[in-house]
Amino acid sequence: MDNRQRLIVNGGKRLEGELRVQGAKNSALPLLSAAVLAHGESVFHNCPQLSDADADCRILTNLGCKCRRSADTVVVDATNVVGSEIPDNLMREMRGSIVFLGSVLGRTGRCRLSFPGGCELGARPIDLHLSALRQMGAEISEEHGYLDCTAPSGLHGAKITLSFPSVGATENILLAAATAKGFTEIHNAAREPEIIDLADCLNKFGAKIRGAGESVIEAEGVERLFAGEHTVIPDRIVAGTYLCAAAITRGEIILTNCAPQHLNGFTPVLEAMGASIYSYGGGKMYLNCKKRIQAPPTIRTMPYPGFPTDIQAPFTALCSTAEGTSVFVETIFENRFRHISELVRLGASIKVEGRVCVVEGVKTLSGAKLRAAELRGGAALVIAALAAEGTSEISGVSYIERGYESIETALRSVGADIKKV
Ligand code: UD1
């Protein structure tokens, strides 16, 4: 991680052209975890080239898998899974590593990992993951900052009702249920597209999962999974980020390799703000925004198919130059407005009160020195800087690179004046 890197943005350029959307980070990470369960060599296409995916490969290698990448294809050979521990340094590098719990436990009957602490977004508890795995027969002890999970007589199916449709918990249960003995039912399951992608992939590997994308998911455990080939779905948050970037510059862009149906939680909001959006077959989407954007009705972040928490920050950036006042209520994470104080440095007029943020649109922003403190908040700073008069310098680039494949190259290809130094 190089902390000296900066993005230099000269704002005021209208975005115009065509952009290819990368594969979804939030799908790729659970899919790489699924590879642990699959005997043989699994191949994942459209796997985004991100530091978080590299961290996943290090975890896989540490478990005894062989992992290699060529462009956006990752091959994982899980013939010999010899380890069941995720070391503290890898766990700290990426909190999302918790999604290895279900697969490592399913494959080896044990998983030891350091307790994932809080992160940039707040506390991020894992009680729902643990209680579900306990219901499936796992014995879990928490000592000296480590979680030790064992399934002495193997995992078994269970009827699990989640008190909240947690994405991570649903993923861990699916991974554990795929090869557990008997039948698992998840009630109030998360319905995100990434859940469907994981279930599709597990089913290709031989699992018997039905209902992914709905609130009740059923899985009939099978003896073993066998490796196969899978293509990661397009990243809906990256797509949304580029749409916001185009809208704030009053631009006109076409996204390719996109899944427009996954964007329905926020494209109607963009339309209400004055953007024209069309989706075509073949994963193409068009946005055109010729006039100053209008403030949208109150936005509340919700589980899918609601407005995604991950796109809240890019939208606050967009609304900073809208005509009128926008209100955001963040219901998923308690600490997701850290980018706001940086937007204020650009001249935005925004107040935060607990989980509510009120944005009074201003006519112009002016370039400033900014620091990204987390992934989506960092992308929001880039969006605002694209619209600001003059030059902005954004540090904390490594946060942005956890989720965006070379954001500067992508935006430059559609006319932005942005470079990494
Ligand atoms: C969340 C987002 C997901 C996004 C990801 C990365 C939602 C519902 N989930 O997934 O779309 O891609 O962040 O930014 O928007 N919780 C508990 N106990 C648990 C697990 C979660 O209380 O065991 C709570 C969390 O504190 C949080 C909420 O449930 O308030 C959402 O958590 P969850 O969906 O599990 O988070 P991620 O899987 O990280």
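Both counts, for ligands and for their atoms, begin at 1 and track the order of listing.
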Asker: Examine the proximity of ligand 1 to Asp310 and report which part, side chain or backbone, both or neither, has a heavy atom under 4.0 Å away.
Answerer: side chain
Asker: Can you check whether Phe164 has an N/O within less than 3.5 Å of an N/O in ligand 1?
Answerer: no
Asker: Do we see a donor-acceptor contact under 3.5 Å between the side chains of Arg376 and Tyr404?
Answerer: yes
Asker: Under 4.0 Å from ligand 1, counting heavy atoms only, is it the side chain of Asn26, its backbone, both or neither?
Answerer: side chain
Asker: Does ligand 1 have a heavy atom under 4.0 Å from the side chain of His129, from its backbone, from both, or from neither?
Answerer: both
Asker: I'd like to know whether ligand 1 has Pro125 as a neighbour, heavy-atom separation below 4.0 Å.
Answerer: yes
Asker: Which residues satisfy the side chain to side chain donor-acceptor pair (under 3.5 Å) test with Arg300, sequence neighbours excluded?
Answerer: none
Asker: Drop me the distance from Ile86's CD1 to Leu63's CG, to the nearest 0.5 angstrom.
Answerer: 6.0 Å
Asker: Do any N/O atoms on Thr309 end up under 3.5 angstrom from N/O atoms on ligand 1?
Answerer: no
Asker: Can an N or O of Pro165 be found at a distance shorter than 3.5 Å from an N or O of ligand 1?
Answerer: no
Asker: Check the angle between the aromatic planes of Phe307 and Phe315 and answer parallel, tilted or perpendicular using the 30° and 60° thresholds.
Answerer: perpendicular
Asker: I'd like to check the side chain to side chain donor-acceptor pair (under 3.5 Å) partners of Thr316; sequence neighbours left out, ordered by chain and number.
Answerer: His339
Asker: Got an N/O contact under 3.5 Å between Arg236 and ligand 1?
Answerer: no
Asker: With rounding to the nearest 0.5 angstrom, report the CG to CD distance, Leu31 to Glu171.
Answerer: 8.5 Å
Asker: Out of all atoms in ligand 1, which are within 4.0 Å of some heavy atom of Phe333? Include the element for each.
Answerer: 1 (C), 13 (O), 27 (C), 36 (O)
Asker: Judging by distance only, is a nitrogen or oxygen of Pro303 under 3.5 angstrom from one on ligand 1?
Answerer: no
Asker: I need the atoms of ligand 1 closer than 4.0 Å to a non-hydrogen atom of Ile126, numbered in the order shown.
Answerer: 19 (C), 23 (O)
Asker: Is the closest side-chain heavy-atom distance between Phe337 and Glu353 below 4.5 Å?
Answerer: no
Asker: Can a side-chain donor-acceptor contact be found between Lys181 and His156 if the only test is distance below 3.5 angstrom?
Answerer: no
Asker: At less than 4.0 angstrom from any non-hydrogen atom of Gly168, what atoms of ligand 1 do you find?
Answerer: 35 (O), 38 (O)
Asker: Do we see a donor-acceptor contact under 3.5 Å between the side chains of Asn288 and Tyr286?
Answerer: yes
Asker: Ala169 to ligand 1: N or O pair under 3.5 Å?
Answerer: no
